[in-house]
Peer 1: 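Below: one structure in structure tokens.
All chains are named by letter (A, B, ...) in the order of the sequence lines, taking the proteins before the strands, and each is independently numbered beginning at 1.
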Number of protein chains: 2
Amino acid sequence: MNSHGGAPSRGKPATLRQVAELAGVSTATASKALNGRQQVSATTRQRVLDAADRLSFTPNSLAQAMLHGSSGTVGLLTHDLEGRFSIPILMGAEDAFGAGQTSVFLCDSREDAIRERHHIRALLGRRVDGLIVVGSQTNPRRSLGHDLPVPVVYVYAPSSDERDTSVIADNVAAGRLAVQHLVGIGRRRIAHIAGDPTYAAARDREAGIGAALADAGLTQVGPSRSGSWSEAWGRTGAHAVLEAGEPVDAIVCDSDQIARGALDLLRDRGVRVPGDIAVISFDNWGPFATGSRPQLTSIDFNFQQMGRRAAELIFAALAGEPAAGTQAIAPRLVIRGSTTVGA
Amino acid sequence: MNSHGGAPSRGKPATLRQVAELAGVSTATASKALNGRQQVSATTRQRVLDAADRLSFTPNSLAQAMLHGSSGTVGLLTHDLEGRFSIPILMGAEDAFGAGQTSVFLCDSREDAIRERHHIRALLGRRVDGLIVVGSQTNPRRSLGHDLPVPVVYVYAPSSDERDTSVIADNVAAGRLAVQHLVGIGRRRIAHIAGDPTYAAARDREAGIGAALADAGLTQVGPSRSGSWSEAWGRTGAHAVLEAGEPVDAIVCDSDQIARGALDLLRDRGVRVPGDIAVISFDNWGPFATGSRPQLTSIDFNFQQMGRRAAELIFAALAGEPAAGTQAIAPRLVIRGSTTVGA
DNA sequence: CTGTTAGCGCTTTCAG
DNA sequence: CTGAAAGCGCTAACAG
């Protein structure tokens with residue numbers, strides 16, 4: 001359509017042979033010249049480089065992969081791109097790989113086992129060097145099995161099979177961290193609005209909260225109130241906490257969204273945050289955590305780091321150092337206005 | 001590490017030759033059998049299929065690609081995976097491709113031109129059949145040029161070069177749609193809290209709003225108030241609208257986040273929504289739009305459809321039917337409680 | 001119906 | 001220092 005100059009706008013890209021011909025050498029020499037091998041004279045090398053440049057030569061990685069035996073490619077299998085978990089994880093992985101020579105194939109299986117199989121076949125056909133499987137829940141997921149020809153790392157949702165390699169968020173530590181912060185700023189009467197109790201995340205956070213309270217010699221105010229992960233539940237839960245009548249000076253919410261709902265209700269009731277009640281939550285989901293008034297102190301699970309770690313584990317396995325078992329990534333406290341006036 | 005049975009846990013995957021040997025035929029016959037060619041006897045075919053199965057044979061797409069000349073692969077270049085725009089677009093594209101035999105390479109250039117070049121080189125090296133470039137702003141972006149050997153489609157952020165192919169959101173239509181809905185439910189005194197005025201999105205929406213108001217014989221209440229895309233600005237903007245003193249019965253907010261802020265302030269002031277003032281916004285960002293009280297009526301830009309369209313355009317270009325120019329995808333009204341009591 | 005041959009683009013011995 | 005030849009895994013002619 002719009003051909004001009006030396007660079008071909010369409011049509012097949014230049015091949016090494018064409019470069020070699022233009023430079024007046026053999027393909028072998030051209031290859032050496034382009035790959036920085038020492039067995040080429042300076043002038044020849046320059047001639048080859050010029051030719052390559054003139055033809056906008058880009059080596060065909062497919063051909064290289066066939067020889068070398070590995071494609072420099074990794075498959076990323078996710079279940080919900082919508083989710084705020086998958087994306088940072090994906091970024092971390094892409095980052096860790098992208099620095100090197102590895103490219104990432106993205107596949108979304110939409111929670112569908114059939115589609116998942118289909119994608120895995122396609123990825124193996126493309127001879128990916130490894131597979132990263134990202135779940136959207138913390139609940140363990142079915143293993144892909146051990147007969148795959150490439151290393152597999154499960155992220156966020158661990159594999160239910162201990163022999164697999166998994167990277168997860170440390171929800172217990174997160175629960176502890178939240179309570180420790182509240183205790184650190186002098187709160188003693190701490191309530192908990194939990195998420196959906198069918199999620200391991202909710203149960204683990206509860207365990208962490210309980211442990212940290214015990215460490216501090218405190219007792220939780222009221223039971224952990226379970227619901228869903230929504231703002232609406234945050235309102236309902238906060239309402240229940242206030243209605244219970246027991247004095248409270250802090251609330252741990254299982255997600256930023258729940259905290260938003262709680263904040264909402266507390267303001268309606270004229271409760272000051274953090275003056276009367278401090279609020280802390282989990283996820284540190286940017287727009288939610290920073291859009292509220294006051295902004296939310298939140299526990300960040302370092303998803304991006306989880307993605308990076310997954311990439312590293314793939315590399316390690318490729319290098320012959322597999323690391324079976326589950327690794328937990330430490331969470332991080334991000335302090336904002338819902339727990340401290342200064343911040 | 002954990003080898004057993006017939007399927008190799010590691011080591012090179014089985015090749016066609018191995019399958020052929022196991023089945024006692026030539027590679028050519030094996031190839032025909034596996035690819036459903038008619039020139040093979042039923043018994044032979046079955047023998048080959050069995051052998052392939054026993055070796056968990058997966059054809060090497062790289063080799064196939066080298067022959068066929070195309071890799072069945074597309075590059076997706078994005079600038080912000082965080083963004084709520086890129087993800088649905090990406091899903092739409094992955095969907096449209098995934099149905100067929102195409103896999104998607106994901107690359108995030110982090111707004112960095114160097115990194116972008118690097119990624120493009122890598123993708124071209126892998127012989128992608130096409131490139132989809134997703135921007136995070138509606139503002140036009142620099143073209144990648146016309147000397148690339150594969151078709152390129154720009155999404156969300158169009159190319160500044162008219163000769164390129166772009167798919168964008170129709171912000172003018174969105175502005176109209178918002179006003180038409182408000183007028184349809186009987187509102188006459190409409191104000192506008194705009195986003196960041198350096199964004200084409202904000203300017204286009206304003207144009208659409210103005211046009212629809214004119215069509216209805218109405219005049220906007222007060223100026224379009226420009227700010228940022230945040231909840232904080234939504235509060236400030238709503239405050240300004242109320243302070244201006246002119247009666248208002250509806251506010252168009254340039255994003256769901258702005259609308260959340262506005263809702264927040266209106267409630268503080270005892271203004272009922274939608275009773276006293278209806279609120280409508282753009283983006284229809286799930287958790288934000290449905291988490292508020294009342295839920296937000298919002299204009300959805302059909303990002304997923306944009307992604308699909310981009311994929312289709314790549315296919316079309318590959319089939320020799322390029323479509324230069326910019327295509328706008330029609331937005332869609334999603335009605336919720338912030339404009340109607342019934343919904 | 002089946003097998004032989006050639007070759008996709010590249011790298012790597014191994015001679016010259 | 002350079003080139004000829006072999007081969008990665010697969011498919012598409014062509015013979016047989």
Side-chain angles (χ1 to χ4, degrees), chain A residues 8 11-49 51-52 55-73 101 122 124-129 149, chain B residues 8 11-49 51-52 55-73 101 122 124-129 149:
Chain A
K12 308 284 163 216
T15 74
L16 180 63
R17 172 136 77 198
Q18 291 168 17
V19 173
E21 277 173 7
L22 183 55
V25 297
S26 73
T27 60
T29 305
S31 173
K32 288 166 195 158
L34 290 169
N35 292 314
R37 294 271 176 291
Q38 288 308 342
Q39 347 162 13
V40 189
S41 78
T43 57
T44 305
R45 162 161 297 141
Q46 196 51 53
R47 227 161 356 113
V48 172
L49 289 175
L55 297 175
S56 358
F57 171 73
T58 311
N60 186 331
S61 309
L62 275 52
Q64 295 180 149
M66 282 193 55
L67 293 194
H68 186 258
S70 89
S71 62
T73 284
Q101 318 304 333
L124 293 180
R126 295 189 191 286
R127 293 300 184 262
V128 294
D129 297 328
Chain B
K12 308 285 164 215
T15 74
L16 182 63
R17 173 136 79 197
Q18 291 168 14
V19 173
E21 277 172 7
L22 182 56
V25 298
S26 72
T27 61
T29 305
S31 172
K32 288 167 195 158
L34 290 168
N35 292 314
R37 293 273 175 290
Q38 288 308 341
Q39 345 163 14
V40 191
S41 77
T43 57
T44 305
R45 161 161 298 139
Q46 196 50 52
R47 224 161 359 111
V48 172
L49 289 175
L55 297 175
S56 353
F57 171 72
T58 312
N60 186 330
S61 309
L62 275 51
Q64 294 179 150
M66 283 194 55
L67 293 194
H68 186 260
S70 90
S71 62
T73 286
Q101 318 302 332
L124 292 180
R126 300 203 134 82
R127 293 298 185 266
V128 294
D129 298 327

Peer 1: Minimum heavy-atom separation for R45(B) and Q38(B), please, with both atom names.
Peer 2: NH2-N, 4.4 Å
Peer 1: Where do A52(B) and L34(B) come nearest, in terms of heavy atoms and distance?
Peer 2: CB-CD2, 3.9 Å
Peer 1: For N60(A) and dC8(C), is the shortest distance between a side-chain N/O and OP1 or OP2 below 4.0 Å?
Peer 2: no
Peer 1: By the 4.0 Å heavy-atom rule, please label R37(B) as base, sugar-phosphate, or nothing.
Peer 2: sugar-phosphate
Peer 1: Rounded to whole angstroms, how far apart are CZ on R17(B) and C1' on dG3(C)?
Peer 2: 14 Å
Peer 1: Report the nucleotide, chosen from dT2(D), dG9(D), dT11(D), that has the shortest atom-to-atom distance to any side-chain atom of T15(B).
Peer 2: dG9(D)
Peer 1: Start at the 5' end of DNA chain D and walk down; is the nucleotide closest to P59(B) or to A28(A) reached first?
Peer 2: A28(A)
Peer 1: Starting at the 5' end of DNA chain D and moving along, which residue's nearest nucleotide shows up first, T27(A) or T43(A)?
Peer 2: T43(A)
Peer 1: In this structure, how many angstroms lie between the P atom of dG9(D) and the CG atom of L62(A), rounded?
Peer 2: 14 Å
Peer 1: Do any side-chain nitrogens or oxygens of T44(B) fall under 4.0 Å of OP1 or OP2 in dT2(C)?
Peer 2: yes
Peer 1: Do any side-chain nitrogens or oxygens of T29(A) fall under 4.0 Å of OP1 or OP2 in dG3(D)?
Peer 2: yes
Peer 1: dG7(D) P sits how many Å from L16(B) CG, rounded?
Peer 2: 17 Å
Peer 1: Which heavy-atom pair separates T58(B) from L124(A) by the least distance, and what is that distance?
Peer 2: CG2-C, 4.3 Å
Peer 1: Taking the side chain of K32(A) as heavy atoms from C-beta outward, which of dG9(C), dC10(D), dC14(C) is closest to it?
Peer 2: dC14(C)
Peer 1: Using five pairs at each end of the helix from dC1(C)-dG16(D) to dG16(C)-dC1(D) to define an axis, what is the angle between those two axes, to 10°?
Peer 2: 50°
Peer 1: CG of L55(A) versus P of dC10(C): gap in Å, rounded?
Peer 2: 11 Å
Peer 1: Tell me the closest heavy-atom pair linking G72(B) and D129(B), and the distance in Å.
Peer 2: N-OD2, 2.8 Å
Peer 1: By the 4.0 Å heavy-atom rule, please label Q39(B) as base, sugar-phosphate, or nothing.
Peer 2: base
Peer 1: Just so I know, are the side chains of T15(A) and N60(A) near enough to count as touching, which here means a heavy-atom distance under 4.5 Å?
Peer 2: no
Peer 1: Looking only at atom types and distance, does a side-chain atom of N35(A) sit under 3.5 Å from a main-chain N or O of R37(A), one as donor and one as acceptor?
Peer 2: no
Peer 1: Quickly work out the N35(B) CG to dC10(D) P distance and round it to whole Å.
Peer 2: 10 Å
Peer 1: Does the side chain of T73(A) reach to within under 4.5 Å of the side chain of R126(B), using non-hydrogen atoms?
Peer 2: yes
Peer 1: Of V25(B) and T58(A), whose closest DNA chain C nucleotide lies nearer the 5' terminus?
Peer 2: V25(B)
Peer 1: Would you please confirm or rule out a distance under 4.0 Å between OP1 or OP2 of dG9(C) and any side-chain N or O of Q64(A)?
Peer 2: no
Peer 1: Whole angstroms only, please: what is the CD-P distance between Q46(A) and dT2(D)?
Peer 2: 13 Å
Peer 1: In whole Å, what is the span from the CG atom of L67(A) to the P atom of dT11(C)?
Peer 2: 7 Å
Peer 1: For dT12(C), does OP1 or OP2 lie under 4.0 Å from any side-chain N or O of S31(A)?
Peer 2: no
Peer 1: Measure from NZ on K12(B) to C1' on dC10(D) and round the result to the nearest Å.
Peer 2: 17 Å
Peer 1: So which atom in A51(B) and which in V19(B) form the shortest heavy-atom distance, rounded to 0.1 Å?
Peer 2: CB-O, 3.7 Å
